[in-house]
4 protein chains.
Amino acid sequence: MGQDKRSGAGPRSRDRILDAAYRQTLEKGLDKLTMEGIAAEVGVGKQTLYRWWPSKGMIALDALVERLSSSQTFPYSGDVAADVTRQMSAVVSQLDSPVGTALRRILAAAQEDPALADRFRRELIGPRVDSLRGRIVRAVDEGQIDAAYSPDFVIRQLYGPLYYQLLVRQEPFAPDDAERIVSSVLRSFRP
Amino acid sequence: MGQDKRSGAGPRSRDRILDAAYRQTLEKGLDKLTMEGIAAEVGVGKQTLYRWWPSKGMIALDALVERLSSSQTFPYSGDVAADVTRQMSAVVSQLDSPVGTALRRILAAAQEDPALADRFRRELIGPRVDSLRGRIVRAVDEGQIDAAYSPDFVIRQLYGPLYYQLLVRQEPFAPDDAERIVSSVLRSFRP
Amino acid sequence: MGQDKRSGAGPRSRDRILDAAYRQTLEKGLDKLTMEGIAAEVGVGKQTLYRWWPSKGMIALDALVERLSSSQTFPYSGDVAADVTRQMSAVVSQLDSPVGTALRRILAAAQEDPALADRFRRELIGPRVDSLRGRIVRAVDEGQIDAAYSPDFVIRQLYGPLYYQLLVRQEPFAPDDAERIVSSVLRSFRP
Amino acid sequence: MGQDKRSGAGPRSRDRILDAAYRQTLEKGLDKLTMEGIAAEVGVGKQTLYRWWPSKGMIALDALVERLSSSQTFPYSGDVAADVTRQMSAVVSQLDSPVGTALRRILAAAQEDPALADRFRRELIGPRVDSLRGRIVRAVDEGQIDAAYSPDFVIRQLYGPLYYQLLVRQEPFAPDDAERIVSSVLRSFRP
DNA sequence: TAATAAACGAGACGGTACGTCTAGTCTTCCG
DNA sequence: CGGAAGACTAGACGTACCGTCTCGTTTATTA
């Protein structure tokens with residue numbers, strides 16, 4: 001169904017706006033990104049931006065959303081460690097790319113902007129967590145993970161180290177980080 | 001012996017400046033915090049701020065540093081799980097307090113300000129990590145932790161979930177989070 | 001026919017800006033006059049001032065221009081002494097009024113600001129000198145003034161004393177100064 | 001009598017201060033001249049400047065005073081036109097030199113600073129006018145100038161054109177301007 | 001010769017204004 | 001009649017100087 005990218009349509013220059021916002025976010029950072037700068041680069045009136053987005057953070061988020069790979073179905077091979085490792089490896093390699101920089105900056109901006117934080121969680125984190133939670137629940141059902149731990153606790157143990165690396169260390173990941181994290185964490189949740 | 005307040009001197013109104021910066025950071029967030037606002041509240045010329053600090057982020061960081069408890073020696077009771085739990089519980093209760101909000105906002109600002117990120121890591125993260133690393137190393141020596149894992153990997157597994165909770169979830173911690181995290185993580189590193 | 005207030009348009013609050021600038025120039029002098037003060041009084045953003053004027057001196061000059069009487073045609077009665085006296089008397093009475101103070105201050109500022117000096121000469125001095133020069137030339141043609149003297153030399157002799165009084169003496173004029181100056185000067189240029 | 005340059009002595013670096021002030025006045029103009037700039041160039045504390053002078057204008061005036069030739073006695077040859085022409089020629093050649101620029105700028109500053117205007121008149125204008133007035137009075141006594149005109153009126157007629165040229169025209173003088181002015185003016189005052 | 005006081009350099013301080021930049025709103029005018 | 005263009009009020013930015021105010025340090029008497 002050839003529907004719009006999002007309800008409420010959008011400006012004619014939507015893609016060029018998001019491209020410009022994304023590029024400037026990577027080049028200069030989110031707080032050097034300005035509505036004026038985007039408007040000037042795209043050749044669009046500022047009003048057009050404000051008509052469709054409430055803040056530069058939201059524009060950057062939209063730009064990021066379109067660039068984040070969205071394999072909606074979590075892999076299932078029967079081996080939860082293998083499945084989680086596969087998915088986390090994909091996440092890690094994205095975090096090591098420009099997309100990771102953009103995500104890091106938007107997550108930072110979200111610390112000062114509740115509306116942005118909401119959308120960030122709802123649109124980016126939520127679906128991915130849901131997808132993973134489903135896989136964890138299934139692993140619990142299959143007896144691969146101890147039922148004494150809530151799936152969200154397991155998720156936090158799994159992905160917490162990634163955010164620590166991204167936001168606190170601000171260093172790239174080691175090649176086998178995903179694998180080592182998953183095996184270490186899941187070992188501690190074996191029944 | 002009439003020594004200075006701190007090595008390297010500083011402005012006459014240092015404490016009042018840090019107080020104001022800290023309070024405004026909590027009230028309005030770091031990007032609503034302004035040099036002009038601080039100067040006006042304290043009754044100080046802007047030049048005095050710029051003479052001693054390069055940016056509002058650095059002021060906020062100094063304010064935070066003075067407010068973060070700094071128990072320099074890591075507890076040692078023989079039981080590494082107990083010791084780490086004790087220390088992490090203290091950290092968690094700080095993260096749940098206003099100090100945690102300030103830290104969260106400064107860490108966010110550090111994503112766009114490399115100099116701030118440097119000082120953040122060097123002065124806040126570094127010493128605490130070093131202290132914890134010492135304790136981990138000792139536990140490895142005593143055979144409580146498998147030597148196959150680097151201490152920094154263990155540290156990342158232990159504290160990653162805290163940053164995830166703070167920055168991504170933005171929700172308070174559960175009462176026994178520290179204990180559950182530590183026991184879960186350390187179990188996976190048992191020799 | 002809905003023409004603009006003046007060619008080249010201008011800010012919406014032009015008149016209120018010039019009023020404020022003029023009043024503050026008289027009250028406090030040109031170097032106590034500030035862009036911020038004008039903006040604050042008028043309730044206008046500073047950018048609006050800088051968008052339309054390059055400096056406070058230019059604003060003050062515009063304000064003065066609008067307040068200087070501009071009888072464009074020099075009187076002609078056949079008697080050059082009478083005509084010049086009539087016109088100079090008008091000038092003198094203006095110089096004795098607040099307009100004279102403003103002019104004195106702007107002329108002073110023009111000593112340090114070449115662009116201001118240019119406009120001052122081009123818009124204020126130039127047209128008036130041209131008008132007077134025409135009258136002098138006619139008087140030369142009619143044999144009332146010796147052709148051996150250039151009109152600009154005559155003009156300098158006529159109006160020099162006024163500036164001396166205004167800028168060096170800084171004292172008001174005597175009631176018949178214009179008449180005495182004109183008669184004295186023109187006597188020396190009789191053929 | 002080996003007295004000081006002026007009562008109340010002065011700062012140790014007086015000459016270097018005046019040199020710096022004079023040079024900077026010529027280079028950048030009086031309102032780009034700053035106390036800080038002088039202090040920095042001379043290597044003197046700001047307090048030393050404020051201890052001895054109330055404003056930068058006063059420093060510049062002192063510097064100018066020391067550089068203005070001060071032939072205290074007006075020439076007397078019996079021919080008033082020749083004497084005045086001789087003296088005015090000297091003035092004109094000074095006004096065409098850097099000293100003239102400095103004087104022009106200080107006179108401009110005096111328009112906004114009554115104290116400076118006072119000293120300017122008292123120390124620079126006053127003595128020279130007194131000296132000239134004496135010569136005029138003598139010429140009146142000798143029947144070379146009509147007694148119907150006050151000496152100060154004559155003086156204003158003589159020197160007014162110079163200030164007009166300096167401040168309004170801001171152009172150099174013609175070589176024989178002094179001679180032409182004097183002859184023209186004195187002709188009009190012949191008995 | 002020692003003390004004492006003044007002038008000094010240095011520069012921090014509370015301020016004001018600068019000229020620029022961006023935010024977010026409002027208006028004009030063109031396609 | 002929707003959007004580009006951009007003027008508008010507002011206010012923070014970081015800098016430059018203002019004039020005042022300590023700080024030690026010379027420098028020059030005066031005791």
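Remember, it's a predicted structure, so these values are computed and weren't measured experimentally. We name chains A, B, ... by the order of the sequence lines, and we start the count at 1 in each one.
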Spacing between [X] atom [atom1] and [N] atom [atom2], to the nearest angstrom:
X: C:Y50; N: F:dC8; atom1: OH; atom2: P; result: 16 Å
X: D:M35; N: E:dA10; atom1: CE; atom2: P; result: 17 Å
X: D:K28; N: F:dC17; atom1: NZ; atom2: C1'; result: 12 Å
X: C:L49; N: E:dC18; atom1: CG; atom2: C1'; result: 13 Å
X: D:K32; N: F:dT15; atom1: NZ; atom2: P; result: 19 Å
X: B:Q47; N: F:dC13; atom1: CD; atom2: C1'; result: 13 Å
X: A:E41; N: F:dA5; atom1: CD; atom2: C1'; result: 17 Å
X: C:D113; N: E:dC18; atom1: CG; atom2: C1'; result: 15 Å

message: Would you say C:W52 places a side-chain N or O within less than 4.0 Å of OP1 or OP2 belonging to F:dG6?
response: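 Answer no for this pair, as no side-chain N or O of C:W52 is under 4.0 Å from OP1 or OP2.
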field: D:S13 vs E:dA7: side-chain N/O to OP1/OP2 distance below 4.0 Å
entry: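 Negative; the distance criterion is not met.
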field: Donor-acceptor side-chain pairing of D:Q111 and C:Q170 below 3.5 angstrom
entry: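 Judged by distance alone, the side chains do pair up.
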query: Taking D:R16 for the side chain and D:V42 for the main chain, is one N or O donor matched with an acceptor at less than 3.5 Å?
result: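 The answer is yes, because a donor-acceptor pair under 3.5 Å joins these two groups.
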message: Can a donor-acceptor pair be found, under 3.5 Å and without considering hydrogens, that links the side chain of D:K56 to the backbone of D:L33?
response: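 Looks like yes, one N/O pair under 3.5 Å.
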- prompt: Of D:G43 and C:K46, whose nearest nucleotide on DNA chain E comes first from the 5' end?
  reply: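 Closest to the 5' end, via its nearest nucleotide, is D:G43.
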query: Between B:L33 and D:G37, who's closer to the 5' end of DNA chain F by nearest nucleotide?
result: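 Result of the comparison: B:L33.
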- prompt: Between A:V44 and B:E36, which has a closest nucleotide on DNA chain F that is more 5'?
  reply: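 Per heavy-atom nearest nucleotide, the more 5' residue is A:V44.
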- request: Compare the minimum distances between each of F:dT27, E:dT22, F:dC13 and the side chain of A:T34, then state the nucleotide with the smallest one.
  value: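 For the A:T34 side chain, the nearest candidate turns out to be E:dT22.
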- request: For C:T48, answer base if it contacts any base atom (sugar-phosphate contacts may also be present), sugar-phosphate if it contacts only those atoms, and nothing otherwise; contact means non-hydrogen atoms under 4.0 Å.
  value: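 Touches a base.
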- prompt: Within the structure shown, what part of the strands sits under 4.0 Å from D:R51 by heavy-atom distance: base, sugar-phosphate, or nothing?
  reply: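 Answer is base: heavy atoms of D:R51 come under 4.0 Å of a base.
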- prompt: What pair of heavy atoms forms the shortest contact from D:I106 to D:F120, and how long is it?
  reply: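 Taking every non-hydrogen atom into account, CG2-CD1, 3.9 Å.
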query: Does atom NZ of C:K32 have more than 12 heavy-atom neighbours from other groups under 6.0 Å away?
result: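 Not buried by this count: 12 neighbours or fewer within 6.0 Å.
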